[in-house]
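First comes the structure, then the notes that go with it.
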2 protein chains.
Amino acid sequence: MESADRRIVELLRQDGRMSYTDLGRAVGLSTSAVHQRVRRLEERGVITGYSASVDVALIGTPLTAFVSVTPLDHRAPDDVPERLRGVDGIDACYSVAGDSNYLLRVRVATPQALEEMLATIRTQAEVSTRTTIVLSTPWE
Amino acid sequence: MESADRRIVELLRQDGRMSYTDLGRAVGLSTSAVHQRVRRLEERGVITGYSASVDVALIGTPLTAFVSVTPLDHRAPDDVPERLRGVDGIDACYSVAGDSNYLLRVRVATPQALEEMLATIRTQAEVSTRTTIVLSTPWE
DNA sequence: CGTGAAAGCAAGAAGGA
DNA sequence: TCCTTCTTGCTTTCACG
């Protein structure tokens with residue numbers, strides 16, 4: 001990837017609402033040139049989307065946790081992600097090397113909601129879970 | 001929080017570059033009314049920023065890992081986040097309840113880069129580490 | 001990759017429920 | 001307080017060189 005593209009991606013990662021004009025000034029290209037590059041970056045799948053970051057405490061899901069997930073039956077086909085895709089509140093799903101097969105990041109409103117979510121995860125995906133509560137998030 | 005604000009936040013989470021005009025149409029308010037609300041959401045800290053999502057494989061950091069961090073000296077003041085803030089490649093830092101004190105998500109280019117980063121983390125923060133490699137990311 | 005014109009959007013002021 | 005409308009200046013978009 002080219003150096004101008006790198007800088008554009010870098011800047012858009014920091015401020016996803018930066019205007020093409022400002023991007024142009026920052027990388028030394030015209031507005032349209034930048035616009036073209038951004039469009040190509042989106043088409044090539046380098047930029048996959050834009051999103052607002054939100055304070056999870058202020059939108060009603062103040063409780064974050066990481067859930068390590070291990071299938072109960074090691075011989076069963078591993079379709080854990082498919083089985084969990086519908087479960088609301090699972091923010092991210094990572095397939096990992098190590099003690100467990102998957103690591104999930106979940107966000108919920110209350111300890112009770114977490115309890116229910118864990119029950120859902122266990123029955124839905126036929127797995128055992130090990131949960132680590134997040135106390136605070138110095139950065140993300 | 002009000003229902004209109006909720007919808008605005010929801011929409012901006014899905015598309016951080018959505019225009020105020022389109023937001024207005026979606027929630028049934030004028031452009032300026034939406035603009036005002038977004039500004040207030042930003043001021044109140046509900047919306048903390050905007051960012052482009054990027055395919056990490058395509059920008060040269062294809063290797064993601066989670067690093068559990070435990071201070072070597074339990075009596076020393078806990079300033080791990082401050083000590084690690086400058087380290088490049090640490091994407092997120094969570095203070096957690098459990099075996100370790102912190103959980104980091106890191107992104108690097110190669111296993112060698114990971115090795116170097118772990119050395120940096122250990123010396124910089126005076127901690128021991130336990131690393132879990134991410135094999136794939138079904139979603140995030 | 002740049003230019004320039006047209007359309008669309010943002011941002012502020014003023015005023016009304 | 002919160003909304004709308006109006007106005008001004010930018011930004012985006014697109015056709016073309």
Side-chain angles (χ1 to χ4, degrees), chain A residues 1-62 88 91 107-110 137 139-140, chain B residues 1-62 88 91-92 107 109 139-140:
Chain A
M1 191 165 56
E2 225 176 313
S3 133
D5 284 345
R6 264 180 214 292
R7 289 200 61 199
I8 289 170
V9 167
E10 190 54 44
L11 289 163
L12 281 176
R13 252 155 54 119
Q14 283 164 29
D15 179 5
R17 278 189 88 89
M18 198 166 172
S19 76
Y20 297 128
T21 307
D22 288 347
L23 280 171
R25 265 196 282 271
V27 304
L29 287 175
S30 73
T31 306
S32 354
V34 169
H35 196 170
Q36 242 172 266
R37 279 170 182 274
V38 170
R39 224 178 345 228
R40 281 218 314 274
L41 288 166
E42 289 167 356
E43 277 164 13
R44 281 163 50 201
V46 178
I47 294 174
T48 56
Y50 303 90
S51 62
S53 314
V54 163
D55 186 327
V56 288
L58 296 177
I59 58 157
T61 57
D88 202 59
D91 242 54
R107 310 239 199 229
V108 291
T110 62
T137 303
W139 77 84
E140 195 167 25
Chain B
M1 191 165 53
E2 225 176 313
S3 134
D5 284 345
R6 262 178 218 293
R7 289 198 61 196
I8 289 170
V9 166
E10 191 53 45
L11 289 163
L12 281 175
R13 248 149 63 111
Q14 283 163 30
D15 178 5
R17 277 191 88 91
M18 198 168 173
S19 76
Y20 297 128
T21 307
D22 287 347
L23 280 171
R25 265 196 280 273
V27 303
L29 287 175
S30 72
T31 306
S32 350
V34 168
H35 196 167
Q36 247 170 262
R37 278 170 181 274
V38 170
R39 220 173 356 223
R40 279 205 7 250
L41 287 166
E42 288 167 359
E43 275 164 14
R44 281 161 52 201
V46 178
I47 293 174
T48 56
Y50 302 90
S51 62
S53 313
V54 162
D55 187 328
V56 288
L58 295 177
I59 58 157
T61 57
D88 202 60
D91 241 54
R107 311 240 199 227
W139 77 84
E140 197 165 21

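Order of the sequence lines fixes the chain letters, A, B, ..., with proteins taken first and strands second; residue numbering starts at 1 for each chain.
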> Checking all strands, does B:A33 fall into the base, sugar-phosphate, or nothing category for heavy-atom contacts under 4.0 angstrom?
Replying inline: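 Base, at least one base atom sits under 4.0 Å.
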>> Let's see if you get this right: which residues in residues 19-30 of chain B place a heavy atom under 4.0 Å from DNA chain C?
In response: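 Residues of residues 19-30 of chain B under 4.0 Å from DNA chain C: B:S19, B:Y20, B:T21.
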> Got a sec, which pairs hit salt bridge (charged side-chain N to carboxylate O under 4.0 Å, His left out) with one end in residues 49-60 of chain A, sequence neighbours left out?
Replying inline: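 Matches after skipping sequence neighbours: none remain.
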> What are the two closest heavy atoms between A:A26 and A:L11, and how far apart are they?
Replying inline: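 Between these two residues, the closest heavy atoms are CB-CD1, 3.7 Å.
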Rounded interatomic separation in angstrom, taking [atom1] from [X] and [atom2] from [N]:
{"X": "B:E43", "N": "C:dA11", "atom1": "CD", "atom2": "P", "result": "13 Å"}
{"X": "B:R37", "N": "C:dA11", "atom1": "CZ", "atom2": "C1'", "result": "18 Å"}
{"X": "B:Y50", "N": "C:dA10", "atom1": "OH", "atom2": "C1'", "result": "13 Å"}
{"X": "A:M18", "N": "C:dC9", "atom1": "CE", "atom2": "C1'", "result": "18 Å"}

> Any Lys/Arg nitrogen of B:E2 or B:R44 sitting under 4.0 Å from an Asp/Glu carboxylate oxygen of the other?
Replying inline: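 Answer for the salt bridge query: no.
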>> Does this structure show an ion pair linking B:R17 with A:E42, if we count only N-O contacts that are shorter than 4.0 Å?
In response: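 No.
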For the side chain of [X], starting at C-beta, report the closest nucleotide among [options].
{"X": "A:Q36", "options": "C:dA10, D:dT12, C:dC1", "value": "C:dC1"}
{"X": "A:H35", "options": "D:dT13, C:dC1, C:dA10", "value": "D:dT13"}
{"X": "A:R39", "options": "C:dG12, D:dC14, D:dT12", "value": "D:dC14"}

>> Quick check: on DNA chain C, is the nucleotide nearest A:R17 upstream (toward 5') of the one nearest A:S32, or the reverse? Name the residue that is more 5'.
In response: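 By nearest-heavy-atom nucleotide position, the 5'-most residue is A:S32.
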>> I need the A:L23 CG to A:R25 CZ distance, nearest 0.5 Å.
In response: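 Going from CG on A:L23 over to CZ on A:R25, the span is 10.5 Å.
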> Donor-acceptor pair, A:S53 side chain versus B:T48 backbone, under 3.5 Å?
Replying inline: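 The answer is no, because no donor-acceptor pair under 3.5 Å joins these two groups.
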